[in-house]
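Have a look at the structure below before the remarks.
The sequence lines fix the lettering, A, B, ..., with proteins before strands; numbering per chain opens at 1.
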Protein chains: 2
Amino acid sequence: MNAETAERIRAVAVELGYRANPQARALSTTRTSMIAVILADVTNPVFFEVVRGAELAAYEAGYTMLLAETQESAERERAVLERALSTVDGIVLTSSRMSDSAIRQIAKVKPVIVLNRVVTGVPSVVTDNLRGMRRAAEHLGELGHEQICYLAGPEASWADGMRWRSLREAAMELELRVRRVGPFAPTVNGGVAAAAEWGRQRTTAVVAYNDQMAIGFMRGVRAMGGQVPRDVSVIGFDNSNMAELVTPALTTVAAPLHSLGVTAARNVLAISRGAQARATEAVVLPTKLVVRESTIAPE
Amino acid sequence: MNAETAERIRAVAVELGYRANPQARALSTTRTSMIAVILADVTNPVFFEVVRGAELAAYEAGYTMLLAETQESAERERAVLERALSTVDGIVLTSSRMSDSAIRQIAKVKPVIVLNRVVTGVPSVVTDNLRGMRRAAEHLGELGHEQICYLAGPEASWADGMRWRSLREAAMELELRVRRVGPFAPTVNGGVAAAAEWGRQRTTAVVAYNDQMAIGFMRGVRAMGGQVPRDVSVIGFDNSNMAELVTPALTTVAAPLHSLGVTAARNVLAISRGAQARATEAVVLPTKLVVRESTIAPE
DNA sequence: GTGAAAGCGCTAACAA
DNA sequence: TTGTTAGCGCTTTCAC
């Protein structure tokens, strides 16, 4: 058949509204052109850009994104994974509640990329927590603060552990004192609770596990009659869209949310197409400190 | 085969990690147990709860949700739909950019539910804009305002048309004066632009197309040296999670975001299972006015 | 290069 | 009831 007739056939096909049946194709090729993104909470602004990035990367590669929310429930995460597993060509796991070994198990069956967490043997994409926290500490140091209180996020969170350790190390080098309160839920309400805790032994500066907590903290301080940044400087983490809408606008470590999503999706696609995963090496994406109104020099 | 052996087989099956292949099943049944949710902008807080509701309803019914973002591009919407169409059992269309007839076309091929828009012949689920706007007008009237400025959203938006008309009617009955400025983009920046426009002929009260615009408006007013609510009362629409985080906290008409998502998903599933769609009747979900700090009596 | 046929893993219709 | 078989619509292999 020559190229011209092929073209004509194609033309008639679209005219007739013919669409290849993806299920039939999938059945013989075992590839569905779909990837799954699993996350704990669609409501968390941190994920917006991640989801958008992943969807964009998928779209560009001709893939469709399937999104499932686990509502922070391990049981639901299993159920969701169970369902998606045989339907997709790869999985992006965000804020998973599962154990490392459970994740490795899944990774044996389908390509998996873990986001913001390191699981040995499974490729991952993470934020550069280390340098992010370092910049936060430097900023505070430059302003003249001498003591920092870290508002910890969820206990089991890999990212929380990294952030706290990074902050502590940076503080040590810069000769700042740090302490840690928590753990708290990584939400606005968690931040409010953290404010109460902080109130019992105040510091002139606070670094929160994430923006949501930082925002809650500011609110808590205000409820206690205090004022940010006059009474306490606060730094968040993520630079979610909330950060600049809040008053005072939040100084925060900007995580590369969009890139995180794009990179994760691309990598999972690459692996599913047979690329050799440089398994052990996590891809580390850079952060940057965004200084806004919530940090000033102490009195 | 008796029930007992059936059970044993089942047991062995899970032990062996057997999973029915969904593609093969879909091929013979023509049902995939997936629904698609199409939206313009994952980043818009209005959709969080909608998406969550839809995902929840899907999950409970044993379905998986496929999410696609159109980035406000009609072309992308087509492409996305093209891809999803033969992969899902039903489609929830949110903030579609397509024409009514294009939507009807799709609805012929697969069950479709339209959200926050009425397309004759296609079942839809909408917010009760009428009573919502009426409550907003009443609230302002009770406070003693006599003139209201409506900050219009996107021109082509069905919801914008409804909201403006509803507000105007309510105002007329309550003997308030209203005018309309815009259209503006339904975003924070759109609201900032609206503030400039409003500044040329001020009113003591403003009702915005949505929360995002209301927030942008407040910011714009502040940038112009004004203060909310002292200089102008403002009411948003949606009660997205931003509304209570902003300072001053935003008075807003709460749209039933979660129910919208749940209802849409359930209905599309029902139709796909053969339920007779009460085609023409849109399901209208109730709103409620949430009074916070951004509205007070005029001076 | 072109065409025919087998088979992907399931469901449903049909015999037994 | 139980067992058998014919497809679902594609891809791929294999013979021509």
Nearest to the side chain of [X] - [options]?
{"X": "A:T29", "options": "C:dC10, D:dT11, C:dG9", "value": "D:dT11"}
{"X": "B:R25", "options": "C:dC8, C:dT11, D:dT11", "value": "C:dT11"}
{"X": "A:L27", "options": "D:dC10, C:dC8, C:dT11", "value": "C:dC8"}

For the CZ atom of B:R19 and the CG atom of A:L85, what is their distance to the nearest 0.5 Å?
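Interatomic distance, B:R19 CZ to A:L85 CG, rounded to 0.5 Å: 5.0 Å.
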Figure out the CZ/C1' separation between A:R19 and D:dC10, and round it to whole Å.
17 Å
Taken to the nearest whole Å, CD/B:Q23 to P/C:dG9 is 11 Å
Return yes if some donor-acceptor pair links the side-chain N/O of A:N116 with the main-chain N/O of A:V126 below 3.5 Å, else return no.
no
What do the steps show when you test B:M65 against A:E69 for side chain to side chain contact (heavy atoms under 4.5 Å, CB included), and what is the final call?
CA-CA 10 Å; B:M65 184 189 77; A:E69 183 185 30; over 6 Å; no
So what does A:A26 hit on the nucleic acid, given a heavy-atom distance under 4.0 Å: a base, only sugar-phosphate, or nothing?
nothing
Using a cut-off of 4.0 Å on non-hydrogen atoms, how would the nucleic acid contact of A:R31 be classed: base, sugar-phosphate, or nothing?
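The residue A:R31 makes no contact with any strand.
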Flag for B:E77-B:S96: side-chain donor and acceptor within less than 3.5 Å
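A pair is found: one side chain offers a donor N or O, the other an acceptor, under 3.5 Å apart.
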